[in-house]
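Okay, structure first, notes after.
No experiment lies behind these values; they were computed from the predicted model shown. A, B, ... follow the sequence lines: proteins, then strands. Residue 1 opens every chain.
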Amino acid sequence: MEVVTRVAVDFARFVEDGTSSLLGTAYLLTRDRQAAEELVQDTLVALYPQWPRVAAVQSPIAYVRRSLINRYLNQQRRASVGERISELLPERQPAPDFSRRVDDRDQLRRVLSTLPPRQRAAVVLRYFHDLSDQQVADELGCRATTVRSLISRALSTLRAASGTDDRSDYQGDLR
Amino acid sequence: MTPDELDTAIRQELQFAARLAPDPGPVRRRVLLAAEALDSGGLPSRGLRAWTVPLLAAAAVLVALGLTAASQALRAERAPTPPAGSISTGPVSPAPTGGTSTASARSTPSASPTASASGTPARSAGAGNPAQNGGSRSAASSAPTDWFHGLDATTLPHTLGLCPAGLVDNVPGMGAPSVSVAGEPEPLWLVPVACAGATGDSSPRPVEVFRYSPAGPQLVQTLAYQAGDPRSIVVTSIKVGAGTVTLGESGYDTERDARSLRFTQTYTWYSGHFEAGPQQDAVRACADGQLMVTGAHDASQDGSAAGVLLTYTNTSDEPCALTGYPGASVLDAAGQPLAEAARTPSGPLGGLSAGDPPRVVLFGQITGSAVVEWATAAQGTGACYPMASVVITPPGMSVTSRFDNQPTVCGPQVHPVVYGGTGKQQAAG
């Protein structure tokens with residue numbers, strides 16, 4: 001009973017501390033508040049029975065985030081057929097002289113949300129969580145070269161959309 | 001945009017978007033409740049285990065019934081037993097001993113012959129047998145029989161054609177409330193379901209109604225679902241009343257190309273099924289605290305017009321609507337009002353393409369925007385205000401955005417809120 005209680009307390013503490021960060025990641029991946037809530041909830045509940053093992057790893061939050069990303073990628077694979085409704089409004093391209101800063105941000109948001117799931121996950125881990133390529137690779141369960149390729153393709157898409165004229169490839173992080 | 005600027009822009013956008021993530025409080029609570037249920041063995045259950053509690057409850061009821069019947073039979077044996085035909089053949093003399101209910105039953109010509117013959121009051125004849133007593137037990141009970149709790153939703157007999165085989169799952173976090181209705185001996189259970197693996201926007205999410213049956217749950221009806229309905233209705237909330245169920249529903253708005261419709265619909269139990277009522281618009285006007293307002297300076301290419309573009313983002317979990325013109329005032333350096341911006345449909349920097357101001361429903365990434373603009377030099381007879389401040393308030397709200405030290409503000413005008421982040425309404429078609 002004591003073991004169960006200790007696990008429950010440890011899990012509750014993690015839920016208290018880690019849910020906000022996980023929701024941020026989930027929302028950046030799904031761009032849907034309800035889906036983000038469900039993703040975080042399902043991930044945490046699924047990990048609870050094996051919590052002693054999770055708590056024993058060096059970084060439980062990284063472990064849980066990896067599980068969350070795997071779940072998200074699996075969902076995307078399973079949901080690849082059928083209707084996909086976007087909450088984004090189709091807008092005309094803005095006039096060149098019209099509030100460029102706001103338009104750039106809108107455009108960037110639109111393009112980020114259209115990236116394929118694995119590219120989006122790599123971008124979120126690299127630019128939002130500020131992880132190195134190797135850390136991103138660990139969380140995505142792939143090699144660092146694959147991460148560089150994913151981010152390079154994502155940046156290429158974003159550059160094309162934002163009109164960036166510099167065509168230099170992503171060389172990887174400097175860490 | 002240089003690579004460094006792009007790098008910075010991506011980080012800023014992700015930080016900005018992450019602020020729109022849901023509030024962690026409700027998720028924390030639901031996760032801990034689910035963990036607690038796992039600890040007590042309440043969640044993952046299939047087959048025999050799922051039926052253990054109802055079976056034990058039914059057994060307990062039967063035992064109690066048996067004891068009651070035995071006790072009453074004993075009392076009946078002690079009391080004088082009237083002739084079997086006494087009820088229908090004539091007046092009955094009061095029994096010298098016996099309970100009030102027995103006497104009452106004897107004196108009522110329409111009382112059940114079976115009950116009278118056995119000396120058992122009619123009221124208790126079916127008290128422990130839900131199949132015989134209609135809805136009276138459910139309505140009278142303060143705690144309805146929990147026959148559903150512990151069932152695995154993936155094993156229920158789901159709506160045909162809703163999802164590919166075996167891929168129906170209950171919607172986490174929404175619960176499964178019950179409702180007691182006339183004519184159903186046990187509460188009906190309302191189960192929000194979706195196709196497994198689908199996100200909230202890619203699958204219909206109806207509510208299935210199940211009734212108890214000894215052989216297993218039976219699907220009675222599916223609410224908020226119609227095969228082939230292009231609106232892809234998603235149920236977002238369930239509220240149970242007396243014989244009614246009110247669902248919060250979200251629909252696909254083809255005009256806006258977004259899931260921006262929100263409405264409620266009440267279903268009323270009538271003659272063995274739920275009758276759907278009309279869909280009521282559930283979107284309310286945006287209130288203070290729901291919106292994040294961002295402002296950006298704006299100017300026409302030739303510099304003759306300047307202004308402010310306001311972008312409205314709904315940061316709450318509920319959609320809300322903005323309709324009409326923001327309030328816009330010009331103040332002097334001391335904060336004294338100088339003029340109100342004129343309400344005009346459009347101008348050089350933005351506004352409507354045609355028609356009346358739209359009702360802009362904000363939700364998630366569906367944003368709205370409005371433009372306040374002015375000429376930078378005197379034109380005609382319009383007054384100009386040097387080094388003025390412009391204070392802008394969203395329609396129907398009191399939160400303000402202030403833009404100080406505008407060099408020259410001539411003929412200020414404000415345009416209605418429109419969909420999108422550019423302040424310009426898209427032309428129809």
Side-chain angles (χ1 to χ4, degrees), chain A residues 4 8 11-12 15-16 19-20 23-24 26-28 30-38 40-42 44-45 48-49 74-75 78-79 82-92 94 97-99 101-106 108-109 112-113 123-124 127-128 155 158-159 162-164 166 168, chain B residues 1-3 6-7 9-18 20-22 24 26-28 30-32 34-36 38-39 171-173 195-203 232 236 252 256-259 294 296 298-301 309 311 317 349 363-366 419-424 426:
Chain A
V4 170
F11 179 73
V15 169
E16 182 65 29
T19 301
S20 183
L23 275 172
Y27 180 69
L28 291 177
T30 60
R31 295 298 173 125
D32 181 305
R33 295 160 72 90
Q34 195 162 8
E37 284 190 7
E38 289 171 8
V40 171
Q41 184 175 330
D42 291 353
L44 287 170
V45 172
Y48 178 63
N74 286 336
Q75 283 179 356
R78 278 192 288 176
E83 183 190 17
R84 174 67 194 165
I85 298 168
S86 168
E87 283 187 335
L88 292 170
L89 286 170
E91 287 182 353
R92 293 177 300 174
D97 67 334
F98 194 84
S99 188
R101 192 171 61 82
V102 174
D103 288 342
D104 282 348
R105 200 184 66 202
D106 281 354
L108 190 61
R109 183 181 307 171
L112 273 171
S113 66
V123 166
V124 168
Y127 291 96
F128 180 68
L155 290 183
L158 293 167
R159 268 197 303 267
S162 68
T164 305
D166 189 304
S168 58
Chain B
M1 194 182 285
T2 67
L6 180 62
D7 188 282
I10 293 171
R11 290 176 195 277
Q12 285 178 345
E13 163 53 23
L14 293 175
Q15 295 290 342
F16 172 81
L20 301 177
V27 178
R28 285 190 190 114
R30 290 200 296 266
V31 168
L32 293 178
E36 196 179 323
L38 279 172
D39 275 340
V171 179
C195 298
T199 67
D201 279 342
S202 59
S203 162
S232 190
T236 55
Y252 180 72
R256 294 265 74 81
D257 192 22
R259 185 175 289 289
T294 55
D298 190 15
S300 63
Q301 202 163 18
L309 168 69
T311 307
D317 289 332
L349 297 185
F363 186 64
Q365 296 179 54
I366 304 171
Y419 273 106
T422 66
K424 275 184 180 170
Q426 300 172 67

Trace of the side chain to side chain contact (heavy atoms under 4.5 Å, CB included) decision for B:L14 with A:V123: CA-CA 9 Å; B:L14 293 175; A:V123 166; 4.2 Å; yes
What's the separation between atom CD1 in B:I10 and atom CG in A:L112, rounded to the nearest 0.5 Å? 6.5 Å
Locate the shortest heavy-atom distance separating A:A12 from B:L32; write the atom from each residue and the value. CA-CD2, 3.7 Å
B:V31 and A:F11: side chain to side chain contact (heavy atoms under 4.5 Å, CB included), yes or no, with the steps? CA-CA 10 Å; B:V31 168; A:F11 179 73; 3.6 Å; yes
What's the verdict on side chain to side chain contact (heavy atoms under 4.5 Å, CB included) for B:V27 and A:L23, showing C-alpha distance, side-chain angles and the deciding distance? CA-CA 9 Å; B:V27 178; A:L23 275 172; 4.1 Å; yes
Search all heavy atoms of B:R11 against all heavy atoms of A:Y127 and return the closest pair with its distance. NH1-O, 3.5 Å
How close do A:S20 and B:R28 get, heavy atom to heavy atom, and via which atoms? CB-NH2, 4.4 Å
